[in-house]
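In what follows, a structure is listed as structure tokens, so that the remarks can point back to it.
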Amino acid sequence: MDIESGYLPVDGTQIYYETAGQGEPLVLLHGNMLDSRMWDFNFLPLAQHFRVIRYDQRGYGKSGASNGRLGTADSDLLALLDHLHIP
């Protein structure tokens, strides 16, 4: 199964993401003090049934640090979904 990965420039930083599979979109969010690798064992099995998206939130994993603004998690996710053409 092919995995698409990349960096999306968002509001002064870079957000790392991966996506795989087809069908209904399913976004996997990582917990505090973790990154998208927490989904390693679930990512490909879920991609057999869904279009799975996982990303590193600002300051975690391969994503860049926050630019000091608060409340950007929702806008980062929205920008990523827009980039991937997911309504």
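Residues take their numbers from the sequence shown, with the count starting at 1. Computed from heavy atoms alone, side chains included, the values below leave out hydrogens, waters and symmetry copies.
- When all heavy atoms are compared, the tightest approach of Ala65 to Thr13 is O-OG1, 3.1 Å.
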Intermediate values then yes/no, side chain to side chain contact (heavy atoms under 4.5 Å, CB included), Val27 and Leu77: CA-CA 9 Å; Val27 178; Leu77 178 55; 3.9 Å; yes

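- Between the NZ atom of Lys62 and the OH atom of Tyr16 there is a distance of 4.0 Å, given to the nearest 0.5 Å.
- One hydrophobic cluster holds both Leu34 and Val52 under the rule that ILVMFWY side chains link at heavy-atom gaps under 4.5 Å.
- Proximity of a side-chain donor or acceptor of Trp39 to a complementary backbone N or O of Leu29 within less than 3.5 Å is detected.
- Put simply, the side chain of Thr19 never gets that close to the backbone of Ile53: no donor and acceptor are under 3.5 Å apart.
- The two residues Ile15 and Tyr55 come nearest to each other via the heavy atoms CG2-CD1, 3.7 Å.
- Remark: side-chain polar atoms of His30 are not paired, donor with acceptor, to backbone N or O of Asp56 under 3.5 angstrom.
- Residue pairs meeting the salt bridge (charged side-chain N to carboxylate O under 4.0 Å, His left out) criterion with at least one member in residues 42-53, sequence neighbours excluded, do not occur.
- For the pair Arg54 and Asp40, the salt-bridge criterion is met [side-chain N within less than 4.0 Å of a carboxylate O].
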Pair Tyr17-Leu84, side chain to side chain contact (heavy atoms under 4.5 Å, CB included): steps then yes or no: CA-CA 10 Å; Tyr17 69 90; Leu84 297 172; 3.8 Å; yes

From CA spacing to verdict: side chain to side chain contact (heavy atoms under 4.5 Å, CB included), Leu28, Leu26: CA-CA 7 Å; Leu28 304 176; Leu26 174 64; 4.2 Å; yes

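- Summarising the geometry, atom OG belonging to Ser75 is positioned 11.5 Å from atom CG belonging to Leu80; distances are rounded to the nearest 0.5 Å.
- Nearest heavy atoms, Gly31 versus Met38: N-SD, 3.3 Å.
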Derivation of the side chain to side chain contact (heavy atoms under 4.5 Å, CB included) call for Arg58 and Val10: CA-CA 10 Å; Arg58 290 176 182 245; Val10 179; 3.9 Å; yes

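- Partners of Ile3 under the side-chain contact (heavy atoms from CB on, under 4.5 Å) rule, at least two apart in sequence or in another chain, are Glu18, Ala20, Phe43, Leu44.
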